[in-house]
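What follows is one structure encoded as structure tokens, with my remarks underneath.
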Amino acid sequence: QVQLVESGGGLVQAGGSLRLSCAASGLTFRNYAMGWFRQAPGKEREFVAAISWTGGRIYYQESVKGRFSISRDNGANTVYLQMISLKPEDTAVYYCAADRWGFGSQSKNEYDYWGQGTQVTVSS
């Protein structure tokens with residue numbers, strides 16, 4: 001049974017930092033591209049960042065470039081999202097997702113498995 005478990009969310013002031021983690025089990029992690037998406041209240045789930053299964057391709061949503069950094073540790077079956085200079089508009093539930101043999105798609109429809117999400121709230 002595949003499980004993706006996010007952690008690291010919380011409440012932070014604008015300008016602060018958080019590091020999200022997503023621990024995967026039940027799959028061959030190194031064969032999966034991993035993505036981070038977020039969903040704010042009343043809005044569609046949107047792409048944030050993705051890393052290919054090889055780790056050689058990384059993509060970001062334009063609004064987070066220079067502030068967010070995605071990385072993966074295949075030995076620990078974990079993908080990370082380091083977030084700095086957080087803004088109130090970054091407030092959302094953040095989800096990680098896995099795409100077998102993927103190259104880091106920005107489309108949520110490409111992903112096979114999803115976590116339950118972790119809340120990130122940035123106060124002004």
Side-chain angles (χ1 to χ4, degrees):
Q1 180 181 357
V2 175
Q3 281 193 311
L4 302 177
V5 180
E6 301 95 337
S7 61
L11 173 64
V12 64
Q13 288 187 330
S17 302
L18 284 173
R19 187 195 197 202
L20 305 184
S21 300
C22 171
S25 60
L27 51 71
T28 304
F29 182 75
R30 64 180 181 274
N31 294 345
Y32 284 77
M34 299 300 296
W36 286 96
F37 291 76
R38 66 187 181 187
Q39 189 166 18
K43 294 189 176 182
E44 294 284 320
R45 190 171 299 189
E46 64 175 5
F47 170 78
V48 175
I51 184 167
S52 64
W53 68 276
T54 65
R57 299 186 185 188
I58 290 176
Y59 303 96
Y60 296 100
Q61 184 198 104
E62 193 65 32
S63 70
V64 308
K65 283 183 180 178
R67 300 189 299 121
F68 290 13
S69 178
I70 188 172
S71 61
R72 64 188 298 154
D73 181 345
N74 288 347
N77 287 0
T78 301
V79 62
Y80 304 97
L81 186 68
Q82 178 69 51
M83 307 185 293
I84 65 171
S85 302
L86 282 160
K87 303 176 181 180
E89 50 264 43
D90 294 318
T91 294
V93 177
Y94 283 69
Y95 299 89
C96 72
D99 173 17
R100 192 165 184 260
W101 302 120
F103 292 97
S105 173
Q106 299 186 27
S107 170
K108 56 183 180 290
N109 297 325
E110 295 295 316
Y111 289 81
D112 305 301
Y113 303 105
W114 291 83
Q116 292 300 305
T118 185
Q119 176 71 47
V120 171
T121 303
V122 184
S123 64
S124 57

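Proximity of Lys108 to Glu44: side-chain heavy atoms (C-beta onward) are separated by under 4.5 Å at one or more points. At a threshold of 4.5 Å between non-hydrogen side-chain atoms, the residues Trp101 and Thr54 do not count as touching. Arg67 is listed as a side-chain neighbour of Lys87, based on a closest heavy-atom distance under 4.5 Å. For the pair Val120 and Leu18, the minimum side-chain heavy-atom distance is below 4.5 Å.
Atom OG1 of Thr28 sits about 12.0 Å away from atom CH2 of Trp53, to the nearest 0.5 Å. Atoms OH and SG, from Tyr94 and Cys22 in turn, are 15.0 Å apart once rounded to the nearest 0.5 Å. Arg38 contributes atom CZ, which lies 12.0 Å from atom CD of Gln119 (distance to the nearest 0.5 angstrom). Once rounded to the nearest 0.5 Å, the distance linking OG1 of Thr91 with CG of Leu11 reads 8.5 Å. The OG atom of Ser21 sits 10.5 Å away from atom CD of Glu6, with the distance rounded to the nearest 0.5 Å. Annotation: the span from Thr118 atom OG1 to Trp36 atom CH2 amounts to 7.5 Å, rounded to 0.5 Å.
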Stepwise side-chain contact (heavy atoms from CB on, under 4.5 Å) test for Phe68 and Leu20 = CA-CA 10 Å; Phe68 290 13; Leu20 305 184; over 6 Å; no
inquiry  = Between Glu46 and Gln39, is the side-chain contact (heavy atoms from CB on, under 4.5 Å) condition met? List the steps.
reply    = CA-CA 6 Å; Glu46 64 175 5; Gln39 189 166 18; over 6 Å; no
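Judged purely by atom type and a 3.5 angstrom limit, Asp112 uses its side chain to pair as donor or acceptor with the backbone of Arg100. Side chain of Arg45 to main chain of Ala40: no donor-acceptor pair is present (N/O by atom type, distance under 3.5 Å, no hydrogens or angles). In this structure a side-chain-to-backbone donor-acceptor pair under 3.5 Å is present from Thr78 to Ala76.
Closest approach of Glu110 and Asp99 over heavy atoms only: O-OD1, 3.1 Å. For the pair Cys96 and Leu4, the tightest heavy-atom approach, listed with the atom from each and the gap, is SG-CB, 3.7 Å. For the pair Arg72 and Gly55, the tightest heavy-atom approach, listed with the atom from each and the gap, is CD-CA, 4.3 Å. Residues Ala33 and Gly104 share a closest heavy-atom pair of CB-N, 3.8 Å.
Hydrophobic cluster of Val5: no remaining members, since no ILVMFWY side chain lies below 4.5 Å from it. Its side chain within the 4.5 Å cluster rule, Val93 clusters with Phe37, Phe47, Tyr59, Tyr95, Tyr111, Trp114 among the Ile, Leu, Val, Met, Phe, Trp and Tyr residues.
By the neighbour-count criterion of 12 heavy atoms within 6.0 Å, atom CD of Glu89 is densely surrounded, having more than that number from other residues, nucleotides or ligands.
A single hydrophobic cluster is not seen to contain both Ile58 and Ile84; linkage of ILVMFWY side chains at heavy-atom distances under 4.5 Å, directly or through other members, places them apart. The hydrophobic cluster containing Tyr80 does not contain Met83, counting ILVMFWY residues as joined when their side-chain heavy atoms lie under 4.5 angstrom apart, directly or transitively.
Side-chain N/O atoms of Ser105 and Ser107 include no donor and acceptor closer than 3.5 Å.
Contacts of Val2 classified as side-chain contact (heavy atoms from CB on, under 4.5 Å), with partners at least two apart in sequence or in another chain: Leu27, Tyr113.
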